[in-house]
Amino acid sequence: MHSESAEHRDKAGQSQDEWLWGWDPTPGIVSVWAENDGWALVWRRLPETGQLVRERVRFRPWLLLDRLDDLLHVGDRLGLAGSADALIEYRVLDGPGELRFLVSAEDGRTLSSALLHGASQRLGKRIGHLRDLGHDTVLSLSPEEQYLVATGRTYFRDLPFDKLRRMQFDLETTGLSPESCRIFMISVRAPSGATQVLEARDDSDEAEAELIRQLVAVVQAEDPDVIENHNLHGFDLPFLDTRAERLGVVLALGRIGSGGLRQRAARRGTASEGDARRRVRFIAPGRELIDTLDAVLRYDFATRELPGHGLKAVARHLGIAKEDREYIPGDRIHEVYQRDPERVRRYATSDVEEVAEVARMLGGAAFALARMAPRRYERLADAGAATGVLDPLLVRAYLRAGMALPAHQAGDGTPHQGAALHLFASGVARRIVKADVASLYPSLMRAFRIGPKRDHLGALLAIVDRLVERRLAAKAAAKAAAAGSVERYTQEALSAAMKLVVNTAYGYMAAGGTLTRFADVHAANEVTRRGRATLDLMCRELAARGVTLLEADTDGVYFAVPESWTEADERRTVDEVAALLPPLVHLEFEGRYAAMLSHEPKNYALLTYGGKLLLKGVAFRSSRAEPYGETFLRRAIERLLAGDIPGVRDVYLATLDALRRRELPTYEVSSFVRLTKSPAKYLETRDSRRELAYEAMLASGRTAWSVGDKVRVYRAKGGSGGVVESPEHAAYAADGPDRRDYDADHYSRLLRDTFASRLARAFTPADYAAVFADPGQLSLFAPSLDTIHSVLNRQ
DNA sequence: TCATACCGGGG
DNA sequence: GTGTACGGTATGA
């Protein structure tokens, strides 16, 4: 009895592993290209030798249908799987799912044309494409995915990331529009790490055409598995495609065929040529085209710590930008090239080197996903985790189990309910503790077995269970591996990928039925309801232990503890409350801070015990904010949290003084804007409405700009404006020394109304007025600064 | 004035 | 034949 049930569990465990990883052990797949005719090309890099092999294999194209009706017209040529002579085979899957007929043929065209013919007859109108049948009646995957689902193969088995042949290239162009601008330089980084810079010999069509031919030749010679760049699909490939077409160059970047790039539909890509509302991405069969911008977005979605998503900002943030890295504003690159080409060569070379490193550091999650889900690597790199990763895993699991899949189903109108957010107090508090539950929603799903109602196989919960367990193992393995080792890197990437998928399981259910197959708003609401109850319980129990609650959001809470408490008291209290929560829901002591300025929900400043100031939320950090204001905020909050109120006023007065005496460089008062109107368009409306950014351009003598240009502008005296270079670009400034003709009164008002006001919650109104009174206007009746204390306002 | 549409990135 | 957010500015009724 006992051994039998253990065996049963083993079997269940084994099939659940297959849901996660597939089942075919074929190692080293680096690319798959399949056609509807039943032929698939598989490129494999042998893990032992690194050698590339190409295999051409047969597979049986398949579809899932909700009925066989539309195929009955073929008569005897339709037969049960395994029967002789059947041109089209079918199999009836188990369970209540609507899509229960798995049909297949040697050639997918036989299948689809028979189906379209039958459907046209049944519906009395011409059905020209499978998608016209609606995805509630047919499930049709791309040929590659049909192949991967049917075989249980996945990419990259037993192949470490650094065995992939990865190449990077980056275009330097005279502008953003491929209609009117040219490519004049292409930097290339080979898989070996060697870099080279290709250049057009002059600005003729023939020179540009030759440059593109050189790139194609380098790609063919290096024969990479993967081509990477930042915004590759948004800029470089579309630009290259348009230029190549105009110049009559064939962009043979793939491993098969002699034609140019192919296309696929994609959410974020470039506007399609035929239909501007459609977005497409380019494909080069045999290679995977990876955009590091996708990896950056995915990374920042989880961490929310990147200052921006541009290559330079990311490289600096990750600490991979070299000290002497060349920076040139985008709209100056071609102009700088004409007088100092060497500088642009260095710039372009750094671009590809940084891209290679960003891809290595942030691309691991997509690489790990490609070892699990039955999709091409490049699809998994830009896929959303719900429809792009979980859905394919679930489809493969159901087919592997021989179970029918439910069709997409719209919700019943029940609205989706979200998380809780409480602001208990604002102002200044001391001795702060942050406690939170890691992965609250997946934990609740697991603890209370909340899964989609129609997932009769229980695959989503099983996959989440497996991922959580496997992720713990990956985290432990990463920790055990040597720092910087391939093993650590691989395990960390695996852990990141698994976290991504686990955290999407809830979003998968909450998404509408048009998006995900197993969407279930009731289950999703049950998760958030349990989440709110858990947060409320945490808050109640913490308050009952004598803490002051400050802010609670979804899965975490900030609170202040009494003066007499030690860190041990803090941790013990969190542990006590943690013990009261449901199993699998782990409340953790996340951090402790000396003080906090709570401004608004999700907007606060924290002072660490080490004296470091952390600013969170848009009120405290914004890329558009004027640098002098950010500096003021930081200094003033430092004084505030140190309990030095006269110091806060000193910082305010010193900033006002520096503005009025023009000691601040113009850069300090400038803000970062993106120009969205062309010069012509602005001139149309200039008479009715003047806009600072364009006035600044005109006043600086820059009358020609492109939509999309980004500049720093400031307001000058008399309502005019000016453009200023940031310090790192100052070397290229065409203008002379800083004139500092900014509107000091305007920026003084901005300091008071926009920046100082972020400290308002820290004081009573009267005290706030005293601290930020104009110089010389401190009234006799105002409180003395020495007697003012910051406050905490309970809500 | 308020609602909605669009953007993030690339030279 | 696709589909992760959200907080901003820009635009239009």
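Naming: A, B, ... by sequence-line order, numbering from 1 per chain.
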Discussion item. Counting the benzene-type ring for Trp, do Phe184(A) and His334(A) have ring centres under 6.0 Å apart?
Written reply: yes
Worksheet item: For the pair made of NE2 in His233(A) and P in dG8(B), what is the distance, rounded to whole Å?
Response: 18 Å
Worksheet item: Base, sugar-phosphate alone, or nothing: which one does Asp170(A) contact when heavy atoms must sit under 4.0 Å apart?
Response: sugar-phosphate
Discussion item. Say we look at dG9(B) and dG8(C): how far apart would their P atoms be, to the nearest angstrom?
Written reply: 15 Å
Worksheet entry | Rounded interatomic separation in angstrom, taking CD from Glu326(A) and P from dG11(B) | 15 Å
Fill in: dC6(C) and dG11(B), which share atom name P, separated by this distance in whole Å
29 Å
Fill in: Separation of dC7(B) C1' from Leu293(A) CG (nearest whole Å)
13 Å
Worksheet item: For Leu171(A) and dG9(B), what is the distance between atoms CG and C1' respectively, to the nearest whole Å?
Response: 14 Å
Worksheet item: To the nearest Å, how far apart are His230(A) NE2 and dG10(B) P?
Response: 5 Å
Item to complete: Take atom CG of Asn603(A) and atom C1' of dG7(C), then tell me their distance rounded to the nearest Å.
Response: 11 Å
Discussion item. Roughly how many Å apart are dA5(C) and dC6(B), using the C1' atom of each and rounding to a whole number?
Written reply: 14 Å
Response to the item:
The residue among Asp294(A), Asp351(A), Thr292(A) that forms side-chain hydrogen bond (donor to acceptor under 3.5 Å, both in side chains) with His230(A) is Thr292(A)
Worksheet item: Quick one: Glu179(A) CD to dG11(B) P, roughly how many Å, whole number?
Response: 18 Å
Worksheet item: Please give, in whole Å, the distance from dG8(B) P to Phe235(A) CZ?
Response: 13 Å
Item to complete: Identify whether any heavy atom of Leu311(A) sits under 4.0 Å from a base atom; if not, whether one sits that close to sugar-phosphate; answer base, sugar-phosphate or nothing.
Response: sugar-phosphate
Worksheet item: If you look at every strand shown and take non-hydrogen atoms under 4.0 Å, does Asp351(A) touch a base, only sugar-phosphate, or nothing?
Response: sugar-phosphate
Practice prompt. Have a look at Gly310(A) and say if it touches a base, only the backbone sugar-phosphate, or nothing, with a 4.0 Å heavy-atom cut-off.
Written response: sugar-phosphate
Item to complete: Could you list the residues that satisfy side-chain contact (heavy atoms from CB on, under 4.5 Å) with Glu357(A), not counting sequence neighbours?
Response: Ile320(A), Arg360(A), Met361(A)
Worksheet item: Does Glu378(A) come within less than 4.0 Å of Arg264(A), counting only side-chain N to carboxylate O?
Response: yes
Provide a list of protein-nucleic acid N or O atom pairs under 3.5 angstrom, restricted to nucleotides 1-5 of chain C.
residue, atom, partner, partner atom, Å
dG1(C), OP2, His129(A), NE2, 2.7
dG1(C), OP2, Arg131(A), NH1, 2.5
dG1(C), N7, Arg131(A), NE, 2.3
dG1(C), N7, Arg131(A), NH1, 2.6
dG1(C), O6, Arg131(A), NE, 3.4
dT4(C), OP2, Gly384(A), N, 3.3

Worksheet item: Would you call Glu208(A) and Arg243(A) a salt bridge, taking side-chain N to carboxylate O under 4.0 Å as the test?
Response: yes
Fill in: Under-4.0 Å salt bridge between Glu354(A) and Lys312(A)
no
Discussion item. Between the side chains of Arg246(A) and Glu179(A), is the shortest nitrogen-to-carboxylate-oxygen separation below 4.0 Å, so that they form an ion pair?
Written reply: yes
